[in-house]
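This one's a predicted model, so the numbers in the text were calculated from it and none came from an experiment.
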Amino acid sequence: MEMTMSTMNLELTPEQKALPSKMMHNVLRDTTVIMALNVPITSIGTFIAYRKFRNTYAEHLVANAYLYGLLSSISVFTIWFTSLPGLMVATTIFANFATLFFNIWFFKSWYQTNWLNAIWRSILGFVLSLLIIAVLANVFTFVLMKTGLLPKPGEH
């Protein structure tokens, strides 16, 4: 965030400079809450992507909670990679692909569909989830700018 602000030639107050580290501290402290909030968002994406199969949103909540439990169990063995300096990006990429793979595998098994159908619907659900998160992040950023915690573009 700080790099983005500096490339836009924005002058940051000390409070604004401290905001990224405060946000990261809160993200790390509240990882469980963030994952719990991510399940309903992901469920919206899979509910839309798999609507042809006529399952309810509640069933998608249960399915995605199961998937997050599975991924959390796997992360117990891989979490230490994130603390190694050069592996943060690689670990993040791996986690996204693992999430997508298990999503494909789970929904292929649940709906007894072919691999191609499961792949494209899972990718669609993943993309829809990311779009929802992006919209929410933009709303959050807008609120931060309105409250003065982030400078508005063009302010110096």
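- With values rounded to the nearest 0.5 angstrom, Ile104 atom CD1 is found 10.0 Å from Phe126 atom CZ.
- When the options Phe106, Tyr50, Phe102 are evaluated for a side-chain contact (heavy atoms from CB on, under 4.5 Å) with Ser122, the one that passes is Tyr50.
- Using a 4.5 Å heavy-atom threshold, the side chains of Thr113 and Phe107 count as separate.
- Cluster annotation: Leu136 and Phe142 are assigned to distinct hydrophobic clusters (Ile/Leu/Val/Met/Phe/Trp/Tyr, side-chain heavy-atom contacts under 4.5 Å, transitive).
- The structure places OG1 of Thr99 at 9.5 Å from CG of Leu70, a figure rounded to the nearest 0.5 Å.
- Asn38 is listed as a side-chain neighbour of Ile133, based on a closest heavy-atom distance under 4.5 Å.
- When all heavy atoms of Ala49 and Gly125 are compared, the pair lying nearest together is CB-N, 3.6 Å.
- With rounding to the nearest 0.5 Å, the separation of CZ in Arg121 from CD1 in Ile48 is 12.5 Å.
- In summary, the side chains of Thr46 and Asn103 do not present any donor paired with an acceptor at a separation below 3.5 Å, with no hydrogens or angles considered.
- Hydrophobic cluster membership is shared by Leu100 and Val127, with clusters built from Ile, Leu, Val, Met, Phe, Trp and Tyr side chains linked at under 4.5 angstrom.
- The number of heavy-atom neighbours closer than 6.0 Å to CZ of Phe53, taken from other residues, nucleotides and ligands shown, is above 12.
- Between the CG atom of Asn64 and the CD1 atom of Ile44 there is a distance of 10.5 Å, given to the nearest 0.5 Å.
- For the pair Leu61/Phe47, no side-chain contact is recorded, criterion being any heavy-atom separation below 4.5 Å from C-beta on.
- More than 12 heavy atoms of other residues, nucleotides or ligands shown are found within 6.0 angstrom of OH on Tyr57.
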Could you go step by step and tell me if Trp105 and Phe101 meet the ring pair (Phe, Tyr, Trp, His ring centres under 6.0 Å) rule? CA-CA 6 Å; Trp105 168 75; Phe101 171 78; 7.4 Å; no
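- Defined by atom type and a distance below 3.5 Å, a donor-acceptor pair is missing between the side-chain atoms of Tyr111 and Asn117.
- Leu130 and Phe94 are assigned to two separate hydrophobic clusters, defined by single-linkage of ILVMFWY side chains at heavy-atom distances under 4.5 Å.
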